[in-house]
Amino acid sequence: MSVKAILFDFNGVIINDEHIHLQLIDEILIQENLQPQKLQERQTCLGRSDRACFQELLANRGRVLTEESLNQLLSRKAEAYLLELEKLEKLPIYAGVEDLIYQVRSQNINLGLVSGALSKEIEFVLQRTKLTEYFKVIVAGDDITTSKPHPEGYLLAVERFNQKYPELNLQPQECLAIEDTFAGIQAAKQSQMKVVGVANTYPFHMLQRCCNWTVDYLSDLELERVQNVFSGKEPQPSVSEC
């Protein structure tokens, strides 16, 4: 068995924008005359979709919204996010992202993206950074009904690969996920995928306990060693629960 596909998370793996999201969420809560996020709530939101995050934040504050009202709120936040990015001369893409993408392509491994971010947010960033063409399958937050740590997004990515490339016959066990949060790591593991944890959001030692591989930077990932584990040439690293 070999690695047939590498599935990237988006926020916190490709683009360093978590602080922008947290700031915009607070701004919207204040606009709604609600208290901004507490520290624990900020931690809980990391790695989860805006929909899941807002649903929990609003419930914690005793606010119940209709589906239409929640969609309007999410749209406001997405528009504000794009406006913030448009102000930046250069998008905060993590160092090593482009190098890893080119390394993956040189080994004829398929690239996909699985995120809770909305598709228009992902498209904006990939188009501006000229990375769109490399991701053959993209699963965004508006493609699924659940949020990480639920595995739906990762399983849908496998399904879409097989729809687009039937000859690939991709199985979840042939995929490698790249994640930065515990919610994302759990989602990938529940999909029966091996996981690389990149220490962009949490310290290396915290991710190391529950990922198959952990790196400080994406440029540190040794794909040859990963392939050796998939092919059985090297023993699998032991992994604990997150």
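The shown structure was predicted, so the numbers you read here are calculated from the model rather than taken from an experiment.
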Task: Name of the residue among Lys38, Arg48, Arg42 meeting salt bridge (Lys or Arg N to Asp or Glu O under 4.0 Å) with Glu56 - done: Arg48
TODO: Might you work through the salt bridge (charged side-chain N to carboxylate O under 4.0 Å, His left out) test for Arg76 and Glu79, ending with a clear yes or no?
DONE: CA-CA 5 Å; Arg76 278 166 51 196; Glu79 289 170 6; over 6 Å; no
Open item on the list: Contact between Glu179 and Met193 at the side-chain level, heavy atoms closer than 4.5 Å - yes or no?
Closed with: no
TODO: Fit a plane to each ring of Tyr134 and Tyr102, take the angle between them on a 0 to 90° scale, and name the class: parallel (under 30°), tilted (30 to 60°) or perpendicular (over 60°).
DONE: perpendicular
Open item on the list: For the CD atom of Glu67 and the CG atom of Asn71, what is their distance to the nearest 0.5 Å?
Closed with: 5.0 Å
- [ ] Would you confirm whether Thr132, through its side chain, and Gln127, through its main-chain N or O, come within 3.5 Å as a donor-acceptor pair?
- [x] yes
- [ ] Report yes or no: is the cationic atom of Lys194 (NZ for Lys, CZ for Arg) closer than 6.0 Å to the six-membered ring centre of Phe230, at no more than 45° off its axis?
- [x] yes
Open item on the list: Gln23 vs Glu27, test: side chain to side chain donor-acceptor pair (under 3.5 Å). Steps then yes/no.
Closed with: CA-CA 6 Å; Gln23 174 191 329; Glu27 288 179 3; 3.0 Å; yes
TODO: Check whether any side-chain heavy atom of Pro172 lies under 4.5 Å from a side-chain heavy atom of Tyr154, and answer yes or no.
DONE: no
Open item on the list: Is it the case that atom CD in Glu167 sees more than 12 heavy atoms from other parts of the structure closer than 6.0 Å?
Closed with: yes
Task: Smallest separation among heavy atoms of Arg160 and Ile138, with atom names - done: NH1-O, 2.9 Å
Open item on the list: Between Gln186 and Pro149 (side chain of the first, backbone of the second, donor and acceptor by atom type, cut-off under 3.5 Å), is there such a pair?
Closed with: no
Task: Heavy-atom side-chain proximity of Asp180 to Glu18 below 4.5 angstrom - done: yes
TODO: Answer with yes or no whether the hydrophobic clustering places Leu22 together with Leu82; edges join I, L, V, M, F, W, Y residues whose side-chain heavy atoms lie under 4.5 Å apart.
DONE: no
Open item on the list: With a 3.5 Å distance limit and no angle check, can you tell me whether Asn162 reaches the backbone of Glu159 through a side-chain donor-acceptor pair?
Closed with: no
TODO: Using atom types as modelled and distance alone, determine if a side-chain donor or acceptor of Glu41 lies under 3.5 Å from a backbone N or O of Leu57.
DONE: no
TODO: Could you walk me through whether Asp50 and Leu118 pass the side chain to side chain contact (heavy atoms under 4.5 Å, CB included) test, one step at a time?
DONE: CA-CA 9 Å; Asp50 283 346; Leu118 297 181; 5.6 Å; no
Open item on the list: Between Met206 and Phe182, is there a side-chain heavy-atom distance shorter than 4.5 Å?
Closed with: yes
Open item on the list: Measuring from atom NE2 of His21 to atom SG of Cys45, what distance do you get when rounded to the nearest 0.5 angstrom?
Closed with: 11.5 Å
Task: CG-CZ distance between Leu88 and Arg128, expressed to the nearest 0.5 angstrom - done: 6.5 Å
- [ ] Kindly give the heavy-atom pair with the smallest separation between Phe135 and Ile14, and that separation in Å.
- [x] CZ-CD1, 3.8 Å
Task: Point-to-point distance, once rounded to the nearest 0.5 Å, from SG of Cys211 to CD1 of Ile185 - done: 3.5 Å
Task: Exceeds 12 heavy-atom contacts within 6.0 angstrom, atom CD of Glu86 - done: yes
Task: 4.5 Å side-chain heavy-atom contact, Lys189 and Cys210 - done: yes
Task: Heavy-atom closest contact (Ala157 atom, Val114 atom, distance) - done: CB-CG2, 3.7 Å
Task: Candidate pair Trp213 and Val229, rule side chain to side chain contact (heavy atoms under 4.5 Å, CB included), full reasoning - done: CA-CA 11 Å; Trp213 296 272; Val229 170; 3.7 Å; yes
Open item on the list: So does Thr181 get a backbone contact from the side chain of Thr201, meaning a donor-acceptor N/O pair under 3.5 Å?
Closed with: no
Open item on the list: Quick one, Tyr81 with Asp17, criterion side chain to side chain donor-acceptor pair (under 3.5 Å). Give me CA distance, side-chain angles, the key distance, then yes/no.
Closed with: CA-CA 9 Å; Tyr81 172 77; Asp17 63 353; 2.6 Å; yes
Task: Closest non-hydrogen atom pair, Lys4 against Leu170 - done: CB-CD1, 3.5 Å
- [ ] Could you grab the distance from atom CD of Gln163 to atom CG of Leu168, nearest 0.5 Å is fine?
- [x] 12.5 Å
TODO: To the nearest 0.5 Å, tell me how far Ile93 CD1 sits from Glu98 CD.
DONE: 7.5 Å
- [ ] Taking the side chain as every heavy atom from C-beta outward, state whether Tyr94 and Val13 have any atom pair closer than 4.5 Å.
- [x] no
Task: Where Ser115 and Asn11 come nearest, the two heavy atoms and their spacing - done: OG-OD1, 3.8 Å
Task: Ile101 side chain near Arg105 side chain, heavy-atom distance below 4.5 Å - done: yes
Open item on the list: For a quick check under 3.5 Å, do Asp99 and Ser219 share a side-chain donor-acceptor pair by atom type?
Closed with: no
Open item on the list: Which residue is it: Leu7, Leu126, Ile178, Asp9? I am looking for the one with a side-chain contact (heavy atoms from CB on, under 4.5 Å) to Leu113.
Closed with: Leu126
Task: Where Ala117 and Ile122 come nearest, the two heavy atoms and their spacing - done: O-CD1, 3.8 Å
Open item on the list: Is there a continuous path of hydrophobic side-chain contacts, each under 4.5 Å between heavy atoms, that joins Val198 to Ile109?
Closed with: yes
Open item on the list: What I want to find out is whether Glu32 reaches Arg61 closely enough, with some N-O distance under 4.0 Å, to be called a salt bridge.
Closed with: no
TODO: Report, as yes or no, whether the 6.0 Å neighbourhood of atom CD on Gln35 holds more than 12 heavy atoms from other residues, nucleotides or ligands.
DONE: no
Open item on the list: Please determine whether side chain to side chain contact (heavy atoms under 4.5 Å, CB included) holds for the pair Tyr202 and Gln43, giving the CA-CA distance in whole Å, both sets of side-chain angles, and the decisive distance to 0.1 Å.
Closed with: CA-CA 10 Å; Tyr202 290 96; Gln43 292 294 320; 3.2 Å; yes
- [ ] Kindly work out whether a path of hydrophobic side-chain contacts (I/L/V/M/F/W/Y, heavy atoms less than 4.5 Å apart) joins Phe10 to Leu156.
- [x] no
Open item on the list: Quick check on the hydrophobic clustering: are Leu24 and Leu73 connected, directly or via other members, by side-chain heavy-atom contacts under 4.5 Å?
Closed with: no
Task: Exam field: side chain Asp142 to backbone Ser119, donor-acceptor pair closer than 3.5 Å - done: yes
Task: Pi-cation contact, Phe124 with Lys120 (under 6.0 Å, within 45°) - done: no
Open item on the list: Do Phe8 and Leu218 make a side-chain contact, defined as non-hydrogen atoms from C-beta onward lying under 4.5 Å apart?
Closed with: yes
Open item on the list: Please determine whether residues Leu155 and Val137 belong to a single hydrophobic cluster, defined as Ile, Leu, Val, Met, Phe, Trp and Tyr linked transitively by side-chain heavy-atom distances below 4.5 Å.
Closed with: no
